[in-house]
Structure formats: C-alpha cells, structure tokens
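Notes to accompany the following structure.
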There are 2 protein chains.
Amino acid sequence: MAISPDETKLAAALHERGQRVTPQRLVIHRTLRELNRHVGAEELLGAVEERIPGVSLPTVYSTLELLEGLGLVRRVGPAGGRVLYDSRLDDHHHVVCSHCGRVEDIDAPLDTGAALDAARGAGFADARAGLVVTGVCRDCAIRG
Amino acid sequence: MAISPDETKLAAALHERGQRVTPQRLVIHRTLRELNRHVGAEELLGAVEERIPGVSLPTVYSTLELLEGLGLVRRVGPAGGRVLYDSRLDDHHHVVCSHCGRVEDIDAPLDTGAALDAARGAGFADARAGLVVTGVCRDCAIRG
DNA sequence: CTGGATGCAAACTCTTTGCATGCAT
DNA sequence: ATGCATGCAAAGAGTTTGCATCCAG
C-alpha cells in the first residue's frame with residue numbers, strides 16, 4: 001500500500017495521541033475520503049474489504065469513532081435509522097429524505113451563532129451545529 | 001374521560017381523513033401535549049398506561065406516526081439512538097448531549113430560508129429544517 | 001355489519017460489547 | 001516484550017411487522 005499525504009497526516013495524529021497506526025485505520029480513512037460521500041458503516045466495510053479482506057464491522061465502527069475524535073470525519077446521522085459518516089470537513093448541511101433515508105449535501109449560508117450561544121448558555125460544551133432538512137426526494141415523490 | 005378542545009380538534013381531523021377516533025389515540029395525543037417535552041415511545045407508553053392500561057408499544061408508534069402526519073406532533077430524532085417526539089409546534093431547535101442523549105430546547109433566531117431553497121432545488125418537497133446542536137451537557141462534562 | 005385499529009409476540013436492523021489472538025511499538 | 005487493536009460471535013436496544021381479535025362508524 002502506497003503512503004499518501006493523508007496517511008501521513010493520520011499517522012502523525014495517532015502517534016501524537018499514543019495510538020497505533022494500523023493498516024485497517026489507514027485504509028478505512030483513505031476509503032472514506034475517496035468515496036467522498038455519506039456512507040454507513042456496512043457500506044464502508046464493503047468498500048474497505050476490496051482493499052484489505054477480513055476487516056470486521058466492529059473495527060469499522062471503532063475506527064470511525066476514532067477518526068471523529070481526531071476531527072478527520074464528521075458524523076451526519078443518525079438519519080433514517082442509521083449513522084452516516086462524511087469526509088467533508090467544511091461547514092455544510094444535509095437534506096434527508098423522510099421516505100427512503102437518502103442524504104444529500106446542501107451548500108447554503110447559515111448563521112448558527114445565536115443557536116450555539118444558546119446551547120452554551122444551557123450548559124453544553126463543545127457545541128457544534130448541524131442543520132438537517134427533511135423532505136421527500138424526487139424519486140420517492142414520484143413513486144408514491 | 002373528559003373531552004377537551006384538543007380532543008375535539010384531533011377527532012375532527014381524524015374524521016376528515018376517514019380515520020377512527022379511538023380512546024388510545026385521544027389519550028396518547030393528550031398525554032404527549034401535557035408532558036410538554038421530548039419523549040421517546042417507551043416513556044410515552046409509561047405515561048399513557050397510567051390512564052388507560054393495556055396500551056401497546058406498536059400502537060404508540062403508529063399513533064405518533066399518525067399525529068405527525070396530521071401535523072400535531074413533531075419528530076425530533078433520531079437523537080441518541082432513539083426517536084423523540086415533541087408537542088411544541090412552533091419553530092425552535094434542539095441541543096443533544098453527545099454523551100447521554102439528553103435533549104433540550106433552544107430558542108434562537110435562525111434563518112433557514114437559503115437552506116430550504118437549496119433543498120427544494122435538489123428536488124426535495126415538503127422541506128422542513130431542523131437545527132440540531134450537539135455538545136456535552138453539564139452533567140456529562142462533570143462526570144467525565 | 002365491516003373494515004380499520006389494537007394488542008401480543010416475534011423478527012429485524014443496526015450498533016455495541018467480551019474475549020482470545022495478533023501485531024505495532 | 002508489552003499492551004492496544006483486531007476479529008469473531010453474540011448480545012442489546014429500539015423499532016417494525018404479522019396476524020387474530022375487537023370495536024368505532
């Protein structure tokens with residue numbers, strides 16, 4: 001497996017926290033970045049297994065949690081009954097189809113300052129805001 | 001059971017859609033309104049059973065879905081692994097503790113117009129926006 | 001009467017946990 | 001050598017579904 005700049009960055013972050021750099025972690029991170037869309041754990045596992053067979057779902061979950069803690073991945077859901085992860089780190093928002101669970105990105109300006117202040121005022125630390133728009137996607141509207 | 005204006009309103013809405021007015025539906029609706037906070041299905045069932053014993057979880061779920069369709073209740077979650085329902089119908093937002101799943105209301109101005117337009121532009125109908133702030137609540141911050 | 005709503009129970013999905021082995025350090 | 005990470009399997013939580021019975025209309 002070739003080492004990309006992304007892998008180097010992840011490896012450095014892991015070392016800094018005294019955690020191990022394993023092939024699974026590198027590949028999961030890399031795969032998630034390359035898919036470049038919202039994926040559930042099972043879908044990600046499928047893509048990862050094409051590169052290194054024998055990876056297990058628990059490892060995917062624990063690695064995603066790790067990557068989220070490192071700020072390299074964002075958790076989108078739970079949306080539609082499953083937790084989704086997103087490799088886009090910039091501020092953006094999501095539309096979820098209330099019928100099929102499909103998720104798409106939204107790029108629109110949004111000032112969440114007042115909401116974040118209110119959350120901090122209510123005693124919540126490390127507050128992050130995520131706008132979720134729910135609606136019925138075109139496919140589901142057509143098919144009933 | 002005394003009939004309140006709320007029950008009358010619900011009964012009318014049900015009749016209009018050719019659906020039945022059952023004691024379970026009236027009590028579930030009424031209990032949710034009186035609790036006046038975010039509840040999960042199981043918690044709501046507990047409160048409902050104090051009024052009419054023998055109500056089942058599936059009935060609670062199907063009634064909540066029905067009430068949501070009538071616009072008398074709003075679905076908050078899934079947040080923290082469970083779906084929550086809220087009897088507040090006015091525009092407000094939520095903070096979810098990423099550690100314990102606790103949910104509180106936020107009252108803060110938020111202009112979601114651009115996001116809703118973007119969602120419609122992406123083909124989503126009946127778009128509604130909900131801001132979810134995630135953070136660590138005071139209790140969880142203290143206890144680790 | 002008649003069909004939609006209910007209650008019971010079981011199934012289903014996704015996620016989390018426990019433990020022995022293996023590998024990064 | 002050392003102990004964290006992995007893989008397997010099984011448990012767990014919450015939600016949904018199927019079907020016979022019952023009751024609102």
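Not measured: the values here are computed from a predicted model. Just so we're on the same page: letters track the sequence lines, and every chain starts at 1. All heavy atoms count here, side chains included; hydrogens, waters and symmetry mates do not.
Protein atom OH of A:Tyr61 is 15 Å distant from nucleotide atom C1' of D:dG7, rounded to whole Å. Distance B:Leu26 CG to D:dG25 P: 10 Å, rounded to the nearest Å. One atom, CD1 of A:Ile52, and another, P of D:dG7, lie 7 Å apart when rounded to the nearest Å. Per the geometry, CZ belonging to B:Arg25 stands 11 Å off P belonging to C:dG7, to the nearest Å. Atom CZ in A:Arg75 sits about 10 Å away from atom C1' in C:dT15, given to the nearest Å. Remark: P of C:dC14 and CG of A:Leu84 are 11 Å apart, rounded to the nearest angstrom. Taking atom CG of residue B:Leu57 and atom P of nucleotide D:dT17, one finds them 15 Å apart after rounding to whole Å. The CD atom of B:Glu43 sits 12 Å away from the P atom of D:dT15 (whole-angstrom rounding).
Along DNA chain D, the nucleotide closest to B:Gln19 and the one closest to B:Glu65 are compared, and the more 5′ of them pairs with B:Glu65. Comparing A:Gly18 and B:Pro58 by the nucleotide of DNA chain D whose heavy atom lies nearest to each, the residue mapping closer to the 5' end is A:Gly18.
Between the A:Thr59 side chain and the A:Val55 main chain, no donor and acceptor come within less than 3.5 Å of each other.
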Can you check salt bridge (Lys or Arg N to Asp or Glu O under 4.0 Å) on A:Glu49 and A:Arg51, steps first, answer last?
-> CA-CA 5 Å; A:Glu49 282 196 311; A:Arg51 294 177 162 170; over 6 Å; no
Might you work through the salt bridge (Lys or Arg N to Asp or Glu O under 4.0 Å) test for B:Glu43 and B:Arg37, ending with a clear yes or no?
-> CA-CA 11 Å; B:Glu43 187 182 1; B:Arg37 57 188 170 82; 2.6 Å; yes
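Taking side-chain N and O atoms only, A:Gln24 has a distance below 4.0 Å to OP1 or OP2 of D:dG7. Within the structure, every side-chain polar atom (N or O) of A:His15 is placed at least 4.0 Å from both OP1 and OP2 of C:dA24. Contact annotation: B:Thr59 reaches the phosphate of C:dG7 (side-chain N/O to OP1 or OP2, under 4.0 Å). The phosphate of D:dA24 (OP1 or OP2) has no side-chain N or O of B:Thr22 nearer than 4.0 angstrom.
Side-chain atoms of B:Arg20 come within donor-acceptor range of the base of C:dG4, with a qualifying N/O pair under 3.5 Å. The base of C:dC14 lies outside donor-acceptor range of the side chain of A:Arg82, with no N or O pair under 3.5 Å.
Closest to the side chain of B:Val83, out of D:dT6, C:dT6, D:dT15, is D:dT15. Nearest nucleotide to the side chain of B:Pro23, out of D:dT16, D:dA24, D:dC8: D:dA24.
Applying the 6.0 Å contact sphere to CD of B:Glu68 captures more than 12 heavy atoms from other residues, nucleotides or ligands.
Connection of A:Val95 to A:Leu110 is established within a shared hydrophobic cluster, with ILVMFWY side chains joined at heavy-atom distances below 4.5 Å, either directly or through further cluster members.
If you check every strand for non-hydrogen atoms under 4.0 Å, A:Gly54 touches sugar and phosphate atoms only.
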